[in-house]
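First the structure, in the form of structure tokens, and then the observations on it.
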Amino acid sequence: MLAGHYRVLGTSRRQVASLPPGVEQVPLEKALDAPVVFLTVAISAMPGVLRTIAPLLKPGTVVVDTCSVKVYPVRQMKELLPDSVDIIASHPMFGPDSAREREYPLPIILWPVRNRQGRYDELRTTFEGLGLRIVEMSPEAHDQEAAFTQGVTHLVGRVLRAMDLEPSDIGTLGYRRLLQVMDQTCNDPLELFRDLQRFNPSTREMREAFSRAFCQVENLLTPDDRAVPDQVAPDQAPPGKEDSSGGGDPPWNGRS
Ligand SMILES: O=C(O)C(=O)C[C@]1(C(=O)O)C=C[C@@H](O)C=C1
């Protein structure tokens with residue numbers, strides 16, 4: 001996204017075979033010479049990466065994290081980066097799969113953590129120029145809201161995958177959308193799922209609310225359903241739906 005407008009240098013411990021167009025792979029020290037350094041590493045890898053880069057950063061550099069949770073990496077950056085560098089927290093609310101859809105202006109969360117050089121507004125304007133929708137939100141507010149939006153989506157996606165759901169010839173539109181949620185979330189590394197749930201202080205509350213809601217919905221079935229026979233007696237079944245096999249569940253269960 002940025003490569004059309006800026007010189008983008010990327011660094012990695014391994015040689016990256018297919019770089020995005022316009023991105024040049026360089027050694028770590030050279031990448032850290034850039035005026036703005038984006039960290040695109042796993043949430044759980046942040047402390048290690050910050051310790052590695054801290055002594056190499058030049059005064060005045062702006063460090064921008066892109067983690068999917070915000071309270072934890074912001075605390076780590078404040079603790080581990082030198083006072084001479086500025087810090088911006090960001091979370092692009094899209095990734096390689098979702099960015100392709102582009103159904104709406106893609107949102108990016110931004111928050112100026114330390115803005116002594118005053119470059120925050122410049123970055124904001126750059127992202128706006130790229131067509132992104134800027135949402136300014138504190139790390140705490142982000143994590144609370146993201147737990148009940150992105151966090152619950154990844155939880156449901158992993159639960160559906162654990163059920164071994166498969167595409168079906170008679171799949172309804174809703175079912176196909178469920179499979180999309182499953183595929184999109186499980187296409188991300190398991191590490192992202194674990195980190196999203198472990199490092200966001202609000203995801204436990206979300207998972208508890210999810211379990212309670214699941215039980216609540218199950219309970220919708222119990223009291224009344226006890227009055228409804230599991231099997232529909234042949235004389236109650238609609239014409240042509242009699243169970244002639246003499247056993248087993250009839251295909252029609254009285255619900256449409
Ligand atoms: O596009 C994708 O593949 C994504 O999974 C992107 C996705 C998500 O939709 O949860 C994953 C991580 C980022 O924090 C933001 C968005």
Side-chain angles (χ1 to χ4, degrees), residues 1-3 8 10 12 16 18-21 23 37-47 49-50 63-77 87-111 113 123-124 127-128 130-162 165 167 174 176-207 209-210:
M1 229 173 188
L2 286 165
V8 178
S12 169
V16 180
S18 59
L19 287 164
V23 178
V37 172
F38 285 89
L39 303 177
T40 56
V41 302
I43 302 161
S44 45
M46 279 292 276
V49 169
L50 292 169
V63 175
V64 188
D65 89 299
T66 54
C67 292
S68 306
V69 303
K70 294 274 53 82
V71 172
Y72 175 77
V74 164
R75 197 188 315 128
Q76 295 290 325
M77 288 191 290
I87 300 170
I88 294 174
S90 88
H91 182 191
M93 305 304 297
F94 53 89
D97 293 336
S98 46
R100 255 178 258 130
E101 310 255 328
R102 282 192 165 271
E103 275 175 5
Y104 57 101
L106 296 169
I108 181 168
I109 310 292
L110 288 181
W111 189 251
V113 177
L123 207 77
R124 216 194 118 102
F127 285 135
E128 271 168 352
L130 291 170
L132 300 180
R133 183 167 60 86
I134 314 297
V135 183
E136 272 184 355
M137 200 182 254
S138 72
E140 292 75 17
H142 166 277
D143 283 3
Q144 173 68 24
E145 195 162 335
F148 285 84
T149 54
Q150 185 186 27
V152 71
T153 309
H154 281 251
L155 180 70
V156 168
R158 292 280 163 183
V159 168
L160 298 178
R161 174 53 51 82
L165 296 184
R176 277 185 275 139
R177 287 186 175 150
L178 275 187
L179 291 187
Q180 275 175 2
V181 169
M182 179 179 91
D183 288 342
Q184 198 215 300
T185 51
C186 296
N187 209 11
D188 291 321
L190 184 58
E191 184 184 42
L192 174 67
F193 172 68
R194 289 203 171 117
D195 286 358
L196 269 180
Q197 306 292 329
R198 285 167 56 219
F199 291 96
N200 180 332
S202 297
T203 44
R204 176 183 295 274
E205 183 193 331
M206 176 278 288
R207 289 192 305 277
F210 185 87

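Ligands are counted one by one from 1 in listed order, and the atoms in each one are counted from 1 as well. Bear in mind that the values here come from a model prediction, so they are computed numbers and not experimental data.
Checking His154, Gln150, Gln184 against atom 9 (O) of ligand 1, the nearest heavy atom belongs to Gln184.
Side chain of Thr66 to backbone of His91: no donor-acceptor contact under 3.5 angstrom is found.
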Checking side chain to side chain contact (heavy atoms under 4.5 Å, CB included) for the pair Asn200/Met206: CA distance, chi angles, key distance, verdict? CA-CA 10 Å; Asn200 180 332; Met206 176 278 288; over 6 Å; no
Side chain to side chain contact (heavy atoms under 4.5 Å, CB included) between Leu106 and Met93: does it pass, once the steps are laid out? CA-CA 7 Å; Leu106 296 169; Met93 305 304 297; over 6 Å; no
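Ligand 1 has no atom lying under 4.0 Å from any heavy atom of Cys67. The closest approach between any non-hydrogen atom of Asp188 and ligand 1 is below 4.0 Å.
With a 4.0 Å heavy-atom cut-off, ligand 1 is reached by the backbone of Asp97 and by its side chain too.
The nearest pair of heavy atoms linking His154 to Asp188 is CE1-OD2, 3.3 Å.
Of all protein heavy atoms, the one closest to atom 6 (C) of ligand 1 is Gly95 N, 3.4 Å.
Every atom of ligand 1 with a heavy atom of His91 under 4.0 Å away is listed here by number and element: 13 (C), 14 (O), 15 (C). Residue contact check: Phe94 has heavy atoms under 4.0 Å from atoms 6 (C), 15 (C), 16 (C) of ligand 1.
The shortest N/O to N/O separation between Pro92 and ligand 1 does not fall below 3.5 Å.
If you take CD on Gln180 and CG on Leu160, they are separated by 12.5 Å, rounding to the nearest 0.5 Å.
Between Phe127 and Phe38, the two ring planes are perpendicular [angle over 60°; tilted spans 30° to 60°].
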